[in-house]
Amino acid sequence: MGHEAVDALVDVRWERVLGHLRVEVGEAAYQSWLKPMVLRETDDGRISISVPTRFMRDWVAAHYLDRLTILWQEEDAEVQSVHIFVQPDHGVSASRRGGPARNDEKTGAPTSRPLPSRSETARGNLSAPLDSRNTFDKFVVGKPNEFAHAAARRVAEASTVPFNPLFLYGGVGLGKTHLMHAIVWHIRNVDPARTVIYMSAEKFMYRFIRALREQNTVDFKDQFRSIDVLMIDDVQFIGGKESTQEEFFHTFNALVDQGRQIVISSDKSPSDLEGVGERLKSRLNCGLVADIHATTYELRLGILHSKAEQATVQVPAKVMEFLAHKITSNVRELEGALNRVVAHAQLVGRAISLEATQEVLHDLLRANDRRVTIEEIQKSVAAHFNIRTSDMHSARRARSVARPRQVAMYLSKQLTTRSLPEIGRKFGGRDHTTVMHAVRKVEELRESDNSFAEDVELLRRMLEA
Ligand code: ADP
Ligand code: MG
């Protein structure tokens, strides 16, 4: 499909979403709140919509975001989130705009951008839109992400380059993009004169290829080489395309040599990047590599609390604990699950309950369950620690087998929806309190022993893959 065809399809979908909403909310509300929305971008499952004022953004987000998301998902199952942001010159050409737009000083939250400067124009057509919720103050810090968070803050706050590049590395949906956006928001708020460019690696390639085609590579290079901070998200996608890699490498070196900051994210470590040349790999490894580990139960619970608070909804503690226990894969899924539960409660007009949660998330919970069985976990863990699978069921209590057994119990709890007694039964008929103890023990060890934490993490990733 050509670009025009894609655009047309998106327009049709947008029309349909609006049409549905119009019927649901009535003409008056539609005219005041929904009609002014402008669809800006559909990218990576994220729909970006702009509105002219901050008030409007808050209102639309509070009242219509869930419905917008659900309606979009009905149009396109790939859609994961809808985000509303403020664009002061929304629908109006820049020259007609009145006074300068300002950032919101009180909250520091990004609401509008300063008047375009030269760097702004460069960034305007290069940098991708940012999610206004992805700020530092909305990022919940816990053991698995504290290092990456601290590193991101350092980069955002430093006036000189603390480490180059900062390489954020972690699994899908664990907060890489959030941290990257947070860096950009921070810099734009504190020091708008600095040029920060944030874009996906895919877009970088696309721009570069287009520049090649239009024989415009000199301009392309100049644009990149005159910036203060370059942030490239999801760099794992850059692998394989040699010419782009080469260009990236040169741009990269030029910026580093000029003392400009580079921030990169990837779901693989620099050494594991496929199809990336050794030179680029070693250059990527030169700075600080900050790993975001899989979430812990505590972090998931913290995130749920924070999200519920932001959405100003009351979610019973039992429901949050249930979600934090069951949705372990990543934060995006966790957030999605909470949104579904909240949207459902609002639609049917009932309070959120554990029963309703289990019902609404039935498919998701089943899917999580189907992913891996206790037997598979026992086999992989036994192999990893070099013990016999039968030791998972045996009564032997030597540390060399007891510890792996505890890890397997812990992972069974994390990765399946089996109850504690069910898990106990599969481990040679042990009591549920034994399983509970194992889960606590492993959680404790994960906090205190880094290499143990890495082992567990490795196993988890392998089992989930
Ligand atoms: P990634 O880029 O690593 O795939 P994202 O940054 O897009 O993941 O995160 C997925 C979702 O989870 C986003 O909505 C993000 O705001 C949220 N999220 C991830 N980690 C955290 C956290 N520590 N605190 C709050 N929200 C988080
Ligand atoms: Mg991302």
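Whatever order the structure lists ligands and atoms in, that order sets their numbers, starting from 1. Residue numbers count from 1 along this sequence.
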| message | Ignoring hydrogens, what is the shortest heavy-atom contact between P144 and A294? Give both atom names and the distance. | response | CB-O, 3.2 Å
| message | For R67, I'd like to know if atom CZ has over 12 heavy atoms of other residues, nucleotides or ligands within 6.0 Å. | response | yes
| task | Would you mind listing every ring-ring contact (aromatic ring centres under 6.0 Å, His included) that reaches into residues 272-298, with sequence neighbours excluded? | result | Y297-H325
| task | Taking only heavy atoms of the protein into account, state which residues are under 4.0 angstrom from an atom of ligand 1, in chain and number order. | result | R46, N134, K138, F139, V140, N145, G171, V172, G173, L174, G175, K176, T177, H178, I303, K307, V331, R332, E335
Sequence neighbours excluded and cut-off under 3.5 Å, please list the side-chain donor-acceptor pairs for residues 346-360, or say none.
| residue | atom | partner | partner atom | Å |
| --- | --- | --- | --- | --- |
| S353 | OG | A356 | N | 3.1 |
| T357 | OG1 | S353 | O | 2.7 |

| request: Return the set of protein N, O or S atoms whose distance to the Mg ion (ligand 2) is under 2.8 Å, each given as residue and atom. | output: T177 OG1
| message | With a 6.0 Å cut-off (strictly less than), is the heavy-atom count around CD of E78, excluding the residue itself, greater than 12? | response | no
| query | Just by distance, with hydrogens left out, do S306 and Q310 show a side-chain donor and acceptor under 3.5 Å apart? | reply | yes
| Y410 and side-chain hydrogen bond (donor to acceptor under 3.5 Å, both in side chains): which partner among K441, R460, R440, R446? | R446
| said: Can you tell me if E41 has over 12 outside heavy atoms packed within less than 6.0 Å of its CD? | reply: yes
| request: Calculate, to the nearest 0.5 Å, the distance between atoms CD and CG belonging to E376 and L411 respectively. | output: 12.5 Å
